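Note that these values count all heavy atoms, side chains included, but never hydrogens, waters or copies made by symmetry. Atoms within a ligand are numbered from 1 in the order they appear, just like the ligands themselves. In this text, all values refer to a predicted model and were calculated from it rather than measured experimentally. Positions are given from 1 along the sequence.
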Amino acid sequence: MSNFEVIIYEKTDGIGYVTLNRPQALNAYNLQMRDELYQVLGAIKDDPEVKVAIFRGAGERAFCAGADLTEFLTAPSPVIARQVRWERDVWGLFLSITKPLIAAVHGYVLGDGLEIALCCDIRLASEDTQFGLPEVGLGIIPAAGGTQTLPRMIGRAKALEVLLTGRWIKAEEAHRLKLVNQVVSRHDLLPTAERLANKIKAYSPTAVTYAKQAITRGLDLSLEQGLELEAKLGAGLGGYK
Ligand code: COA
């Protein structure tokens, strides 16, 4: 277990567990969490012992209630912010991880919280989960990929509705919209994530990461290019076609 302050990172039997750990502030995403998440993501990416990772939130009430609003008006100047983003592109790093990532979310999943979940490959939600992007109501837009990842998941019209109206989505609707793979009780949330993780980690790590890449990268390509990508990845595994 690593000694971060606002993230707990544990590694057990090939599974990396990432817990956002500011429950007193509903796990709001602050600058320290950004810095620690950057280190944790690097560890997941580079550590061959980690085959799959599970993301969750500490406490009873939230996975993450979005950007820390107490830092909202104290953010660095745009020039410094751009420099930090360049040096520490958390979201680029997140999306570049080829290992499967599972978000097991509960309670409030707002702003950056939803964007973290969207950087994962499989989303499990407990029945009490509420998703939302409050950014436009605050005079900003999502900055962690949400404007791109959400429409890829739930389609253009629904993504625009969520973003432009700030409407929150409850777990059942999120399931209907294909934003989450499965809705379970709070009690079953972690065990369900672990069952999936154990199943995945039993397979060939190369086949798993290639399968993830074929789908996630392929979705941003034309069908022709996607088929080329599939063939290339398949050949790398001793493909048979
Ligand atoms: N940033 C910093 N602190 C936050 C936070 C955030 N985004 N969200 C919640 N908190 C803190 C509250 O200030 C409060 O702290 P306190 O106990 O020291 O006063 C604690 O977490 C509990 O939140 P509270 O607002 O009392 O709970 P609630 O049940 O009344 O409301 C929410 C829950 C999620 C509806 C409400 O906290 C909220 O709207 N948060 C902001 C969401 C948001 O706009 N995020 C930014 C997205 S860009």
Side-chain angles (χ1 to χ4, degrees), residues 4-8 18-38 40-41 55-78 80-82 84-85 88-95 103-120 123-154 158-175 177 179-180 183 185-186 189:
F4 297 117
E5 275 180 41
V6 296
I7 287 188
I8 302 170
V18 183
T19 306
L20 308 182
N21 190 31
R22 298 183 72 213
Q24 71 290 353
L26 305 184
N27 300 319
Y29 183 84
N30 63 4
L31 295 174
Q32 189 175 2
M33 192 177 282
R34 177 199 66 194
D35 292 346
E36 293 184 11
L37 185 61
Y38 186 78
V40 167
L41 292 172
F55 291 76
R56 57 200 179 121
E60 288 301 308
R61 303 194 51 216
F63 172 66
C64 170
D68 189 312
L69 293 175
T70 65
E71 289 181 347
F72 196 62
L73 296 173
T74 60
S77 74
I80 296 173
R82 189 176 296 177
V84 170
R85 194 182 167 92
R88 216 166 291 176
D89 179 9
V90 175
W91 312 106
L93 177 58
F94 224 134
L95 293 169
V105 303
H106 72 282
Y108 297 111
V109 184
L110 306 175
D112 287 311
L114 176 51
E115 293 176 287
I116 289 173
L118 284 163
C119 286
C120 294
R123 278 162 294 284
L124 306 174
S126 63
E127 292 147 343
D128 62 346
T129 309
Q130 299 191 69
F131 299 91
L133 290 176
E135 282 87 346
V136 171
L138 296 167
I140 56 175
I141 65 169
T147 62
Q148 304 307 303
T149 51
L150 187 65
R152 280 167 170 74
M153 219 58 69
I154 67 173
K158 276 291 168 192
L160 278 166
E161 180 190 327
V162 168
L163 191 58
L164 299 183
T165 68
R167 181 168 80 79
W168 290 7
I169 291 177
K170 294 190 175 155
E172 275 310 327
E173 184 181 0
H175 187 235
L177 292 175
L179 177 57
V180 300
V183 178
S185 70
R186 176 77 72 84
L189 187 59

Peer 1: Is any side-chain heavy atom of Leu179 less than 4.5 Å from a side-chain heavy atom of Leu150?
Peer 2: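 The answer is yes; the side chains approach within 4.5 Å.
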Peer 1: Quick check: do Phe131 and Val162 have side-chain heavy atoms less than 4.5 Å from each other?
Peer 2: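 No, their side chains stay 4.5 Å or more apart.
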Peer 1: Taking all atoms of both residues into account, what is the closest heavy-atom pair of Val105 and Thr129, and its distance?
Peer 2: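 For Val105 and Thr129, the tightest heavy-atom pair comes out as O-OG1, 3.4 Å.
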Peer 1: State the atoms of ligand 1, each with its element, that fall below the 4.0 Å cut-off from a heavy-atom position in Glu135.
Peer 2: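 It comes down to these atoms of ligand 1: 48 (S).
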Peer 1: Return the closest protein heavy atom for atom 47 (C) of ligand 1 as residue, atom name and distance.
Peer 2: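 I find the closest protein heavy atom is Pro134 CG, 3.7 Å.
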Peer 1: Tell me which protein heavy atom sits closest to atom 16 (P) of ligand 1, plus the residue, atom name and distance to 0.1 Å.
Peer 2: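 Nearest protein contact, heavy atoms only, for atom 16 (P) of ligand 1 is Gln24 O, 4.8 Å.
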Peer 1: Can you tell which of Pro23, Ala65, Ala25 gets a heavy atom nearest to atom 4 (C) of ligand 1?
Peer 2: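 Comparing heavy atoms across Pro23, Ala65, Ala25, the nearest one to atom 4 (C) of ligand 1 lies in Ala25.
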Peer 1: Is atom 18 (O) of ligand 1 touching the protein, meaning some protein heavy atom lies under 4.0 Å away?
Peer 2: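 Within 4.0 Å of atom 18 (O) of ligand 1, no protein heavy atoms are found.
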Peer 1: Under 4.0 Å, heavy-atom basis, I'd like to know which part of Leu110 is in contact with ligand 1: side chain, backbone, both or neither.
Peer 2: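 Answer for Leu110: side chain.
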Peer 1: Within the structure, does at least one protein heavy atom fall under 4.0 Å of atom 38 (C) of ligand 1?
Peer 2: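 Protein heavy atom within 4.0 Å of atom 38 (C) of ligand 1: absent.
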Peer 1: May I ask you to decide if the ring planes of Tyr108 and Trp168 are parallel, tilted or perpendicular, using 30° and 60° as cut-offs?
Peer 2: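 Because their plane-to-plane angle is over 60°, the rings of Tyr108 and Trp168 count as perpendicular.
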Peer 1: For Trp168, which part has a heavy atom under 4.0 Å from ligand 1: side chain, backbone, both, or neither?
Peer 2: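 Contact part for Trp168 vs ligand 1: side chain (C-beta onward).
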Peer 1: Below 3.5 Å, N or O to N or O, backbone or side chain included: is there any such pair between Arg61 and ligand 1?
Peer 2: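 N/O-N/O distance under 3.5 Å: yes.
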Peer 1: So Leu20 and Ile7, do their side chains get closer than 4.5 Å, heavy atoms only?
Peer 2: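 Sidechains of Leu20 and Ile7: in contact.
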Peer 1: Considering only non-hydrogen protein atoms, determine which one is nearest to atom 9 (C) of ligand 1 and report residue, atom name and distance to 0.1 Å.
Peer 2: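 I find the closest protein heavy atom is Leu26 CD1, 3.6 Å.
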Peer 1: Scan the protein's non-hydrogen atoms and note whether one is under 4.0 Å from atom 42 (C) of ligand 1.
Peer 2: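 There is a protein heavy atom less than 4.0 Å from atom 42 (C) of ligand 1.
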Peer 1: For atom 28 (P) of ligand 1, is some protein heavy-atom partner under 4.0 Å away?
Peer 2: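 Yes; the ligand atom in question has protein heavy-atom contact below 4.0 Å.
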Peer 1: Under 3.5 Å, side-chain donor or acceptor atoms of residues 61-69 against the rest of the protein: list the pairs with distances, not counting sequence neighbours.
Peer 2:
unit_1	atom_1	unit_2	atom_2	d
Asp68	OD1	Thr70	N	2.7
Asp68	OD1	Thr70	OG1	2.4
Asp68	OD2	Arg22	NH1	2.7
Asp68	OD2	Arg22	NH2	3.1

Peer 1: For atom 46 (C) of ligand 1, which candidate among Ala67, Cys64, Gly113 holds the nearest heavy atom?
Peer 2: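 Among Ala67, Cys64, Gly113, the closest heavy atom to atom 46 (C) of ligand 1 comes from Ala67.
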Peer 1: Going by an N to O cut-off under 4.0 Å, is there a salt bridge joining Glu161 and Lys158?
Peer 2: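 Yes, charged N to carboxylate O under 4.0 Å.
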Peer 1: Suppose the criterion is salt bridge (Lys or Arg N to Asp or Glu O under 4.0 Å): which pairs have a residue in residues 128-146, not counting sequence neighbours?
Peer 2: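 Counting only pairs at least two positions apart or across chains, the salt bridge (Lys or Arg N to Asp or Glu O under 4.0 Å) contacts touching residues 128-146 are Asp128-Arg186.
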Peer 1: Is the shortest distance from atom 2 (C) of ligand 1 to a protein heavy atom below 4.0 Å?
Peer 2: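 Flag for atom 2 (C) of ligand 1 set to true, protein heavy atom closer than 4.0 Å.
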Peer 1: Tell me whether Ile140 has any N or O atom under 3.5 angstrom from an N or O of ligand 1.
Peer 2: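 Between Ile140 and ligand 1, no N or O pair is found under 3.5 Å apart.
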Peer 1: Would you confirm whether any non-hydrogen atom of the protein falls under 4.0 Å from atom 13 (O) of ligand 1?
Peer 2: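 Within 4.0 Å: no protein heavy atom nearby.
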Peer 1: Would Glu173 and Arg167 pass as an ion pair if we require N to O under 4.0 Å?
Peer 2: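 Salt bridge present between Glu173 and Arg167.
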Peer 1: Indicate whether atom 21 (O) of ligand 1 is within a distance of less than 4.0 angstrom of some protein heavy atom.
Peer 2: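 So far as the 4.0 Å threshold goes, atom 21 (O) of ligand 1 is in reach of a protein heavy atom.
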